[in-house]
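Input: a single structure, listed below in structure tokens.
To find a chain, count down the sequence lines: A is the first, B the second, and so on, and within it residues start at 1.
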There are 2 protein chains.
Amino acid sequence: MARPPAARQRALDAFAHIVVRDGERAAALEAVARAAGISKGGLLYHFGSKEALVAGLLEHLARLTEEDVAEMRADPEGATAHILRTSAQFGSDFEPVYIATVNLAQAGYDEARAALRAADTAWREAVLDEVGDEAVARAIVLLSDGIYAHAAVYGGPTGHDIAELRGLIAQLLAARRDS
Amino acid sequence: MARPPAARQRALDAFAHIVVRDGERAAALEAVARAAGISKGGLLYHFGSKEALVAGLLEHLARLTEEDVAEMRADPEGATAHILRTSAQFGSDFEPVYIATVNLAQAGYDEARAALRAADTAWREAVLDEVGDEAVARAIVLLSDGIYAHAAVYGGPTGHDIAELRGLIAQLLAARRDS
DNA sequence: GTCTATACCCAGATAGAC
DNA sequence: GTCTATCTGGGTATAGAC
């Protein structure tokens with residue numbers, strides 16, 4: 001696959017960051033173009049419309065999600081540790097794209113909803129394969145969603161103690177195995 | 001306090017519902033007015049600007065949150081049961097106002113962020129007073145946030161099994177008391 | 001207290017030069 | 001591949017009638 005021009009990717013990154021930081025409203029083509037270091041016309045060469053810009057972001061998310069799930073399953077600490085760790089990780093490649101998508105879903109872009117559903121399902125399955133307990137797997141993904149929701153709303157590190165959560169989950173799994 | 005005219009409250013409700021259903025973008029003054037059964041001019045009589053409309057919604061949220069926390073603390077099943085139950089409750093008065101506020105926070109209205117922080121803190125304290133375990137209290141509020149995030153993104157009942165979550169939490173608390 | 005009409009502004013999109 | 005210039009639609013807000 002031919003490497004897309006740098007400006008295109010820069011535009012996508014700028015779009016995601018503005019959506020996360022200031023909301024969808026603020027992510028006007030003009031503002032995105034400026035942040036990407038091109039003009040509005042230049043941006044509209046790469047993406048023929050705002051819809052196309054959103055579609056580009058969702059494609060990017062799909063790619064990153066696939067990688068993320070593969071990493072989860074391969075993580076020596078386990079899928080649960082991975083999902084909690086990355087949920088709270090400010091500064092990853094994945095996070096701004098995911099949170100921007102949450103934002104877009106709530107701004108009324110229905111395609112964004114579908115993308116999030118797909119990610120959630122993939123995560124839950126990976127966690128389930130590790131813990132082997134449906135109820136706990138659902139709860140773990142819910143915790144991860146809660147952490148992301150905090151990041152999306154407050155726009156910064158969430159301050160949630162991941163080690164603490166992992167400890168709770170380990171205790172819970174142990175208690176359920178015993179009973 | 002003088003009872004505000006009915007049209008005002010109808011406008012507020014309409015605003016919240018459109019924001020939840022279709023996003024902030026779709027909640028144009030025109031659309032809100034139509035849904036409330038008044039004209040754009042009539043709406044702008046009650047709320048001099050869109051900012052004022054948002055402020056009105058946040059005030060409403062503050063009132064409802066106060067009531068909700070009082071109910072939590074008085075709930076015979078306990079604060080934890082209450083927060084999980086109401087998080088998943090589609091059709092309450094509280095839910096659309098809360099989710100609309102989440103949406104507005106992400107659309108860039110900073111005052112909405114502050115309102116959400118206040119609600120989260122009040123909830124966590126109420127839960128903590130019940131369970132007496134900081135880590136578990138944080139996790140419970142996080143689960144509730146996760147449930148709300150689902151409702152906000154997917155716009156309907158979340159399908160999370162509250163009884164299941166309550167069971168997990170009870171098991172966890174028991175395990176921690178033993179150790 | 002609510003309406004209509006209208007002014008204003010800005011975001012999204014097009015045309016065409018370079 | 002990127003630019004400038006320009007059009008258009010729609011959302012916010014004001015003025016003033018009823």
TODO: Please say whether the positively charged group of B:Arg117, taken as NZ for Lys or CZ for Arg, lies over the ring of A:Tyr154, i.e. under 6.0 angstrom from the six-membered ring centre and within 45 degrees of the axis.
DONE: yes

Open item on the list: Base contacts versus sugar-phosphate-only contacts with protein, heavy atoms under 4.0 Å: please encode nucleotides 2-18 of chain C as B, S and - from 5' to 3'.
Closed with: BBB------SBBB----

Open item on the list: Do A:Ile162 and A:Ile147 make a side-chain contact, defined as non-hydrogen atoms from C-beta onward lying under 4.5 Å apart?
Closed with: yes

TODO: Would you indicate whether the side-chain heavy atoms of B:Thr86 and B:Gln89 approach each other to under 4.5 Å?
DONE: yes

Task: B:Gln9 CD - C:dG1 P separation (whole Å) - done: 16 Å

Task: More than 12 heavy atoms from other groups under 6.0 Å of NE2 on A:His17 - done: no

Open item on the list: Can a side-chain donor-acceptor contact be found between B:Asp120 and A:His150 if the only test is distance below 3.5 angstrom?
Closed with: yes

